[in-house]
Structures are given as structure tokens and as C-alpha cells.
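Let me begin by presenting the structure, written as C-alpha cells, before commenting on it.
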Amino acid sequence: MKQEKEEYQRQLDSGEWMNGFVGTCGRDLERCENLCFELNQLPPALKEQRYGLIRQIVGRIGERFIVHSPFRCDLGSNIEIGENFISNYNLTILDETSVTIGDNVFIGPNVTICTIIHATEPERRNSGIMRALPVTIGDNVWIATNVTILPGVTIGDRSIIGAGSVVTKDIPEGVIAVGNPCKVLRRIDDTTAPSASTNAQ
């Protein structure tokens, strides 16, 4: 069973088209869903219990973090998060392959990070054909509210993703990027404050 599970994950990590309906990740999906449900029922005051559950859910996370509920992910084991991570309400991570988040990353409410792509043709999609591409978010990144990050995207260090953006392609480091599809608005000047359009509150 372990060997079959590892082979299934290797297929997902390869980025190749595959049949996702015949894999062995059903138990892992159910385990993760149950842990996320348990986490989301705990009050914020029970910090130690919440920290313990988050460490059970994700593959790796730094010592300092805040994760507001509700939080949801698919497998959890493919998520790696650095130090000083803050996510606001309703972060969803579909982590069929790796999602890597650096240090000092702030994520606003209602953000979705996706790694999974279903086939465009209905017959193939209905039969389970899909692929997964990794997502990487660098250090000191701010992702504002209602942002969707699509499979295969890398967001460079120190960049800001404006509210409501849909990130379909890589974003370089040190820029403010906004829109659907998300595009670079300007480079960040560290001597000036971000514009109101990037407010994550």
C-alpha cells in the first residue's frame, strides 16, 4: 500500500496527465478533511491545540505562525511553510503536488491556491484525467484578499498581489501585481507605502 501510494504521488509530482480516480490518496484526503474540520471547530483561545493540529495537517511549518479558521487543504503533506506565516480567514490550498511558501508571508481572506488541473475535454475529465503543477511563493510576499493562484505559478520574493487578482503566470520579485489575469503594475519602492488597492484587510 505504501509503495502504491508513493508511486501515485510520484505521478502527480511529475506534472504529466494521469488518471486521478484510480489512485490511493482517498484515505489521505479523508484524513486531511477530518483534521481540517477538527481545527475549524476549535476556538482561537485554544492556541496549543490549534498549533498541534496544524502541524499534523501540513508537511512542514515554521515555529511562528497564525492560521485563522476556516482553513482547508486537500492532502496537507505537500505543503511547506516558512517562518512568521499569517493567513486570514478561509485560506484553501489544493495541494495535490508541492505548495512551497517562504518566510514572512501574509495572506488575506478568501485566498485559494490550486495545483490541480482537470482535462478540458468532458470525456477525459469525467474519467478522472488530470495533472498537478507546483506553486511557489517566495519570502516577504503579501497576497491580498480574494486572490486565486493557479497551478504552476511562482511568486517572487517581496512581491504584493493585489485584491481580487487571478494569478495565471509567474510574478517576478519586488513588484506590485494586480488584475485578472494578474499583471505587474509597478516595481516596489521600499520608501513608499503600498497603494490602497493592495489592502488585504
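Sequence positions, counted from 1, serve as the residue numbers for this chain.
- One hydrophobic cluster holds both Val178 and Phe106 under the rule that ILVMFWY side chains link at heavy-atom gaps under 4.5 Å.
- Taken to the nearest 0.5 Å, the CG atom of Leu12 stands 10.5 Å off from the CG atom of Leu133.
- The cluster map of Ile, Leu, Val, Met, Phe, Trp and Tyr, joined by side-chain heavy atoms under 4.5 Å apart, puts Phe85 and Leu35 in the same cluster.
- Residues His118 and Met130 share a closest heavy-atom pair of ND1-CB, 4.0 Å.
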| request: Give the intermediate values and the outcome of side-chain hydrogen bond (donor to acceptor under 3.5 Å, both in side chains) for residues Asn78 and Ser98. | output: CA-CA 5 Å; Asn78 290 323; Ser98 63; over 6 Å; no
| field | side chain to side chain contact (heavy atoms under 4.5 Å, CB included) between Ile161 and Val167, intermediate numbers included | value | CA-CA 8 Å; Ile161 307 300; Val167 188; 3.8 Å; yes
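- Heavy atoms of other residues, nucleotides or ligands lying less than 6.0 angstrom from CD of Glu33 number 12 at most.
- The closest donor-acceptor contact from the side chain of Asp157 to the backbone of Asp139 lies under 3.5 Å.
- No side-chain donor-acceptor contact under 3.5 Å links Ser165 to the backbone of Cys182.
- Proximity of Ile188 to Ile160: side-chain heavy atoms (C-beta onward) are separated by under 4.5 Å at one or more points.
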| message | Working note: Arg27 + Glu30, criterion salt bridge (Lys or Arg N to Asp or Glu O under 4.0 Å); need CA distance, chi angles, decisive distance, verdict. | response | CA-CA 5 Å; Arg27 291 179 184 174; Glu30 183 176 354; over 6 Å; no
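- Counting only residues at least two apart or on different chains, the side chain to side chain donor-acceptor pair (under 3.5 Å) pairs with a member in residues 60-73 are Asn40-Ser69, Arg50-Ser69, Arg72-Asn90.
- Other residues sharing a hydrophobic cluster with Leu75 under the 4.5 Å side-chain heavy-atom criterion for ILVMFWY residues are Leu29.
- Note that the CD1 atom of Ile93 and the CD1 atom of Ile79 stand 4.0 Å from one another [nearest 0.5 Å].
- Between the side chain of Ser87 and the main chain of Val67, no donor-acceptor pair closer than 3.5 Å is present.
- Contact of the Val153 side chain with the Lys169 side chain is not registered, since no non-hydrogen atoms from C-beta on lie closer than 4.5 Å.
- The distance from the OG1 atom of Thr92 to the CD1 atom of Ile149 is 12.0 Å, given to the nearest 0.5 Å.
- Side-chain contact between Ile117 and Trp17: present, with at least one pair of heavy atoms (C-beta onward) separated by less than 4.5 Å.
- To the nearest 0.5 Å, atom CD1 of residue Ile66 and atom CG of residue Asn84 are 8.0 Å apart.
- Salt bridge Arg124/Glu121: present, at least one basic N to carboxylate O contact under 4.0 Å.
- A side-chain donor-acceptor contact under 3.5 Å links Arg125 to the backbone of Ala119.
- Between Ile57 and Cys32 the shortest heavy-atom distance is CG2-SG, 4.1 Å.
- Looking only at side-chain heavy atoms (C-beta outward), Ser77 and Asp28 stay at 4.5 Å or farther from each other.
- Panel note: side chain Thr115, backbone Leu94; a donor-acceptor pair is recorded below 3.5 Å.
- Defined by atom type and a distance below 3.5 Å, a donor-acceptor pair is missing between the side-chain atoms of Asn34 and Glu38.
- Using a 4.5 Å heavy-atom threshold, the side chains of Cys36 and Cys73 count as touching.
- A donor-acceptor pair under 3.5 Å is absent between the side-chain atoms of Thr136 and the main chain of Thr154, judged by distance alone.
- Hydrophobic cluster membership differs between Ile143 and Tyr89, with clusters built from Ile, Leu, Val, Met, Phe, Trp and Tyr side chains linked at under 4.5 angstrom.
- Going from atom CD of Glu16 over to atom CZ of Arg131 covers 7.0 Å, rounded to the nearest 0.5 Å.
- The cationic group of Arg158 does not satisfy the cation-pi geometry with Trp142, failing either the under 6.0 Å distance to the six-membered ring centre or the 45° limit from the ring axis.
- For residues 36-61, the ring pair (Phe, Tyr, Trp, His ring centres under 6.0 Å) pairs, not counting sequence neighbours, are Tyr51-Phe65.
- Using a 4.5 Å heavy-atom cutoff, the side chains of Val184 and Ile176 are not in contact.
- For the side chain to side chain contact (heavy atoms under 4.5 Å, CB included) test with Ile113, the passing option among Val147, Thr148, Ile137 is Ile137; the others fail.
- Thr168 places a side-chain heavy atom less than 4.5 Å from the side chain of Leu150.
- A donor-acceptor pair under 3.5 Å is absent between the side-chain atoms of Asp13 and the main chain of Thr97, judged by distance alone.
- Between the Asp103 side chain and the Glu83 main chain, a donor and an acceptor come within less than 3.5 Å of each other.
- Pairing each heavy atom of Gly138 with each of Val141, the nearest pair is O-CG2, 3.4 Å.
- At a threshold of 4.5 Å between non-hydrogen side-chain atoms, the residues Ile61 and Ile54 count as touching.
- Nearest approach of Ser159 to Ile171, heavy atoms of both residues: OG-CG2, 4.3 Å.
- Residues Leu42 and Leu91 fall within the same hydrophobic cluster, defined by Ile, Leu, Val, Met, Phe, Trp and Tyr side chains chained together at heavy-atom separations under 4.5 Å.
- A single hydrophobic cluster is seen to contain both Val175 and Val105, as judged by linkage of ILVMFWY side chains at heavy-atom distances under 4.5 Å, directly or through other members.
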